Q: 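To start, I am sharing the structure in question, which I have written as structure tokens.
Here is how names work: the chains are called A, B, and so on, in the same order as the sequence lines, proteins then strands, and each is numbered from 1. Being a predicted model, the structure only gives us computed values, none of them experimental. Scope of the values below: all heavy atoms of this structure, side chains included, with no hydrogens, waters or symmetry mates.
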Amino acid sequence: MRLYNTLTRCEELFTPQRGRQVRMYTCGLTVYAHGHIGNFRTFVCLDVLRRALKYLEGYDVRQVMNYTDVDDRTIVESRKVGLPLREYTDQYISAFQDDVARLGLESVEETPRATDEANLRAMTEMIQALEKNGHTYRSDGSIYFKISTLPQYGLLARLDHDGIKPGARVDSDRYGKEDARDFVLWKATQPGEPTWDFGIGPGRPGWHIECSAMALRLLGGPPIDIHAGGVDLVFPHHENEIAQSEGANSAQFSRFWVHVEHLLMDKGEKMSKSVGNVFTVRDVLEKGHRASALRYVLLSVHYRKQLKFTWDSLAQADEALTRVMDCLARLDTVTRPGAQPEVAKKVETARRGFAEMLAADLNTPGALGVMFELVRAVNAAIDAGEIGTTDVAEVRNAFEYFDRVLGVISVRRTDDSAPPVPVDEIERLLGERKAARSRRDFAEADRIRDELVERGIALEDSAGGTRWKRK
RNA sequence: GGCGCCGUCGCCAAGUGGUAAGGCAGAGGUCUGCAAAACCUCCAUCCCCGGUUCAAAUCCGGGCGGCGCCUCCA
């Protein structure tokens, strides 16, 4: 598959370095609060990347996604509520896992926490290697990375080495840095802050070191195949990760860098606490939207373009998905045995088109378009009676094939597995309505239908009987 | 100030040199007790101005507009 690599600013043909296994690291959440839908745009897109590599390309994927469970924010927030750091972050890890499940993300192979001892030890070792290689200095008990010691610093972000021009925000003297662009590897213990000491003095990790250390520890050393995250991580986070890893190992850190663009709120602004436009997954669900609609919206724009999120887009996505679900349900009405060559051809074309779209730098909107072309073709074939039960099986297979990567249909099924009216009650009311209709008591039949609609259940009559679905 | 992205139908969105996918919404028709669903038909020449080319939404230059990054950030 072709993937855009931030490192080269080009689309490149991706193949793993070691056999059939793709070793991928994705920057996860800082667990000081609930993840918002912008965070989840990144996670959902990377979930699709993972699935495409597995199910379309046939690779074995080993993915690591971290939890940053120690940083300024986690420390500050845990203090505010008077909980130990670990206990505080536990809550948000658990909440994150709930959201992940609702949005149908596949579980990844490893989800390390920065404060796990094995990881802190790995960070310590990396910092020791950096010290040995002359890339660091100490100041007031903290250890810094000296970027002037690494010629390739700035390659990923395409930084001008002469650096920071007027207008840039520079936080120059918070700690004793020699150069504003140097960054901290290990922060000296502050009063009342959590602290660890595995051989480089008491303190806590800087933000960037955890990812370098955990990626290499859990993915078997450099270079890893893919490192991914949101665009805002390009600089400084990923640039600094490269510096740490390459300064310690003298080997390329990651072959591919994949960055997902931002989700912007309706007026085109980034979500931020100060503007008050931060929405979490649970906020969206509490407004009555389906998780599947959110997943669909997040995939409806190419991952390298900014996505302007609107509440209306959720409604549009929900309608679109309904169309797919209706088509799938209609397949049940086919009774004619055998196969029609035209259908098989359409299915084959769709499968091929779908795979081609995703192989072209993960073109999810294009892939959705291919899926809908098949929906139309199948609907037309059903209406014309030119489809047999053998075809139906193949059509179903095709949609399963699409959904193994997109994951929207399965999430929709989960969304609708608990309808707002108990299934046995629906069945009972349908029975009553059928009786009313057969005695041509349409007033009563309509009353029952209206009642169900009122309660969130839509009915569809057809020659074969009445079908119900969640609205 | 530096680096970069984007501007395609009412809304969302693919397409990056060969004459505009798809979804939502809308109009007309078929079907239906009515409705819903479905099907058929209709609905854009791609922000503006130049240029290159047999051919440009796609390449180049210049505008106008929107956004991101430049150490909190998915």
Q: Expressed in whole Å, how much space separates the P atoms belonging to B:U52 and B:C12?
A: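 My reading of the P atoms in B:U52 and B:C12 gives 35 Å.
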Q: Go through the structure and list residues passing salt bridge (Lys or Arg N to Asp or Glu O under 4.0 Å) with A:E11, not counting sequence neighbours.
A: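 A:E11: salt bridge (Lys or Arg N to Asp or Glu O under 4.0 Å) contacts with A:R2.
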Q: With A:T89, which residues qualify under side-chain hydrogen bond (donor to acceptor under 3.5 Å, both in side chains), at least two apart?
A: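 Expected list: A:R113.
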Q: Tell me: CG of A:L263 to C1' of B:G68, nearest whole Å?
A: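 Taking CG of A:L263 and C1' of B:G68, I get 13 Å after rounding.
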Q: Mind checking who B:G33 pairs with, Watson-Crick or G-U wobble, both distances under 3.5 Å?
A: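 B:G33 is paired with nothing.
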Q: Measure the shortest side-chain to side-chain distance between A:Y401 and A:L56 over non-hydrogen atoms and say whether it is less than 4.5 angstrom.
A: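 Yes, side chains in contact.
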Q: Taking the side chain of A:D312 as heavy atoms from C-beta outward, which of B:C11, B:C39, B:C24 is closest to it?
A: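 The closest nucleotide is B:C11.
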Q: For B:C9, give the paired nucleotide (Watson-Crick: N1-N3 plus N6-O4 or O6-N4; G-U: N1-O2 and O6-N3; both under 3.5 Å), or none.
A: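 B:C9 is unpaired by these criteria.
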Q: For B:G10 versus B:C48, give the span between their P atoms, rounded off to a whole number of Å.
A: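 Here B:G10 and B:C48 have their P atoms 13 Å from each other.
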Q: Quick one: which of A:L294, A:V297, A:V301 gives a side-chain contact (heavy atoms from CB on, under 4.5 Å) with A:S313?
A: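 So the option named by the test is A:V297.
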Q: With no hydrogens and no angle check, is any side-chain donor or acceptor of A:D391 less than 3.5 Å from a backbone partner on A:G388?
A: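 Flag set: sc A:D391 to bb A:G388 pair under 3.5 Å.
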Q: Identify the nucleotide, in any strand shown, that forms a Watson-Crick or G-U wobble pair with B:G4, with both distances under 3.5 Å; if there is none, say none.
A: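 B:G4 is paired, partner B:C67.
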Q: Just the rounded figure in Å: distance from P of B:C34 to CG of A:D441.
A: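 About 16 Å, once rounded to whole Å.
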Q: Whole Å only: how far is the CG atom of A:L328 from the P atom of B:A37?
A: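 The answer, rounded to whole Å, is 17 Å.
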Q: Could you please name the option among B:A37, B:C40, B:C73 that lies closest to any side-chain atom of A:A380?
A: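 For A:A380, the side-chain atoms sit closest to B:C40.
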Q: Pick base, sugar-phosphate or nothing for A:R437, based on heavy-atom distances below 4.0 Å to the nucleic acid.
A: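 Counting heavy atoms under 4.0 Å across all strands, the contact made by A:R437 includes a base.
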Q: When both hydrogen-bonding distances must be under 3.5 Å and the geometry is Watson-Crick or G-U wobble, what is B:C42 paired with, if anything?
A: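 Checking every strand shown, B:C42 finds its partner in B:G26, with both distances under 3.5 Å.
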Q: Using the ring of each side chain (for Trp, its six-membered ring), is A:F235 parallel, tilted or perpendicular to A:Y153, with breaks at 30° and 60°?
A: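 Perpendicular: the ring planes of A:F235 and A:Y153 meet at over 60°.
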Q: Among B:C73, B:A74, B:C67, find the nucleotide with the atom closest to the side chain of A:W207.
A: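 In terms of side-chain proximity for A:W207, the closest of B:C73, B:A74, B:C67 is B:C73.
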Q: Between atom CZ in A:R295 and atom P in B:C12, what is the gap in whole Å?
A: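 Atom CZ in A:R295 sits about 23 Å away from atom P in B:C12.
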Q: So if I take every side-chain heavy atom of A:Q316 and compare against B:G23, B:A14, B:G33, which nucleotide ends up nearest?
A: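 For A:Q316, the side-chain atoms sit closest to B:G23.
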Q: With sequence neighbours excluded, tell me which residues meet salt bridge (Lys or Arg N to Asp or Glu O under 4.0 Å) with A:R437.
A: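 Scan of A:R437 (salt bridge (Lys or Arg N to Asp or Glu O under 4.0 Å), adjacent residues dropped) gives A:D461.
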Q: Test of understanding: with salt bridge (Lys or Arg N to Asp or Glu O under 4.0 Å), list the residues that count as partners of A:D446, not counting sequence neighbours.
A: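 Salt bridge (Lys or Arg N to Asp or Glu O under 4.0 Å) check on A:D446 returns A:R449.
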Q: B:C12 P sits how many Å from A:L314 CG, rounded?
A: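 Going from CG in A:L314 over to P in B:C12 covers 14 Å.
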Q: Students often get this wrong, so: under 4.0 angstrom with heavy atoms, is A:E460 touching a base, only sugar-phosphate, or nothing?
A: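 Base, at least one base atom sits under 4.0 Å.
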Q: Think A:N379 has a side-chain N or O under 4.0 angstrom from the OP1 or OP2 of B:A37?
A: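 For B:A37, neither OP1 nor OP2 has a side-chain N or O of A:N379 closer than 4.0 Å.
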Q: What pairs of donor and acceptor atoms, side-chain ones from residues 370-386 of chain A against any protein atom, are under 3.5 angstrom apart with sequence neighbours left out?
A:
| unit_1 | atom_1 | unit_2 | atom_2 | d |
| --- | --- | --- | --- | --- |
| A:N379 | OD1 | A:R330 | NH1 | 2.9 |
| A:N379 | ND2 | A:V375 | O | 3.4 |
| A:D383 | OD1 | A:R330 | NH2 | 2.4 |

Q: Write down the distance separating the P atoms in B:U45 and B:U8, rounded off to the nearest Å.
A: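 Approximately 14 Å lies between the P atom of B:U45 and that of B:U8.
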Q: Tell me what A:L233 touches on the nucleic acid: a base, only sugar-phosphate, or nothing, going by heavy atoms under 4.0 Å.
A: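 Answer is sugar-phosphate: A:L233 comes under 4.0 Å of backbone atoms only.
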Q: I want to confirm an ordering. Mapping A:G28 and A:L307 to their closest nucleotides on RNA chain B, which one lands closer to the 5' end?
A: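 Closer to the 5' end of RNA chain B: A:L307.
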Q: Looking at A:R470 and A:D415, does any basic side-chain N land under 4.0 Å from a carboxylate oxygen?
A: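 No, A:R470 and A:D415 are not salt-bridged.
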Q: In whole Å, measure the gap between the C1' atoms of B:A13 and B:G7 for me.
A: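 Pairwise C1' distance, B:A13 against B:G7, rounds to 13 Å.
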Q: Please state the P separation for the pair B:C34 and B:G29 - nearest whole angstrom.
A: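 My reading of the P atoms in B:C34 and B:G29 gives 15 Å.
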Q: Separation of A:K270 atom NZ from B:C70 atom P, in whole Å?
A: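 So the two atoms are 7 Å apart, to the nearest Å.
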Q: Going by the rule side chain to side chain contact (heavy atoms under 4.5 Å, CB included), which residues pair with A:S78 if we only count those two or more places apart in sequence or in a different chain?
A: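 Checked A:S78 against side chain to side chain contact (heavy atoms under 4.5 Å, CB included); matches are A:L85, A:Y88.
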Q: Within residues 443-450 of chain A, find the residues that approach RNA chain B with a heavy atom at under 4.0 Å, and present them sorted by residue number.
A: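 Of all residues in residues 443-450 of chain A, the ones placing a heavy atom under 4.0 Å from RNA chain B are A:D446, A:R449.
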Q: With sequence neighbours excluded, what pairs up with A:K146 under the side chain to side chain contact (heavy atoms under 4.5 Å, CB included) test?
A: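 With sequence neighbours excluded, A:K146 shows a side chain to side chain contact (heavy atoms under 4.5 Å, CB included) to A:Y137, A:S148, A:T149, A:E178, A:D182, given in chain and number order.
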Q: How would you list, by chain and number, every residue that makes a side chain to side chain contact (heavy atoms under 4.5 Å, CB included) with A:D99, sequence neighbours excluded?
A: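 Per chain and number, A:D99 pairs via side chain to side chain contact (heavy atoms under 4.5 Å, CB included) with A:F40, A:V281, A:R282.
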Q: Determine the interatomic distance between C1' on B:A21 and the same-named atom on B:G15; round to the nearest Å.
A: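 Pairwise C1' distance, B:A21 against B:G15, rounds to 7 Å.
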Q: Taking only heavy atoms on the protein side, list every residue of residues 298-306 of chain A lying under 4.0 Å from any atom of RNA chain B, sorted numerically.
A: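 Per residue number, the list reads A:S300, A:V301, A:H302, A:K305, A:Q306.
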Q: Considering only side-chain heavy atoms of A:F235, which listed nucleotide, B:A14, B:C69, B:C34, is closest?
A: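 For A:F235, the side-chain atoms sit closest to B:C69.
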Q: What is the distance from NE2 of A:H259 to P of B:G4, rounded to the nearest Å?
A: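 One finds 17 Å between P of B:G4 and NE2 of A:H259, rounded.
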Q: C1' atom, B:U53 versus B:U19: distance in rounded Å?
A: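 Pairwise C1' distance, B:U53 against B:U19, rounds to 14 Å.
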Q: If you go through the side-chain atoms of A:D232, does one of them form a donor-acceptor pair with the base of B:C72 closer than 3.5 Å?
A: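 Answer is no: no donor-acceptor pair is held.
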Q: Could you tell me the Watson-Crick or G-U partner of B:G61, where both distances fall under 3.5 Å? Say none if there is no partner.
A: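 When the pairing criteria are applied, B:C49 turns out to be the nucleotide that pairs with B:G61.
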Q: A:G38 near the nucleic acid: base, sugar-phosphate alone, or nothing, with a heavy-atom cut-off under 4.0 Å?
A: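 It contacts base atoms.
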Q: Scan every strand shown for a Watson-Crick or G-U wobble partner of B:C72, both distances under 3.5 Å, and answer none if you come up empty.
A: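 Looking at the geometry, B:C72 pairs with no nucleotide.
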Q: Between atom CG in A:N363 and atom C1' in B:U16, what is the gap in whole Å?
A: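 It is 12 Å, rounded to the nearest whole Å.
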Q: Give me the distances for all protein-to-nucleotides 20-22 of chain B N/O pairs that come in under 3.5 Å?
A:
| unit_1 | atom_1 | unit_2 | atom_2 | d |
| --- | --- | --- | --- | --- |
| B:A21 | O2' | A:E373 | OE2 | 2.1 |

Q: Could you tell me how far B:U16 sits from B:A55 if I compare only their C1' atoms? Round to whole Å.
A: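 About 15 Å, rounded to a whole number of Å.
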Q: Going by atom types only, do A:N66 and A:E210 share a side-chain donor-acceptor pair under 3.5 Å?
A: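 Yes.
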Q: Both A:H36 and A:R433 contact RNA chain B. Taking the nearest nucleotide for each, which residue is further toward the 5' end?
A: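 In this pair, the answer is A:R433.
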Q: Whom does B:C54 pair with, Watson-Crick or G-U wobble, provided both distances fall under 3.5 Å?
A: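 Check on B:C54: paired to B:G18, both distances under 3.5 Å.
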Q: Considering residues at least two apart in sequence or located in another chain, which fulfil the side chain to side chain contact (heavy atoms under 4.5 Å, CB included) criterion with A:A367?
A: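 Listed in chain order: A:F354, A:M357, A:L358.
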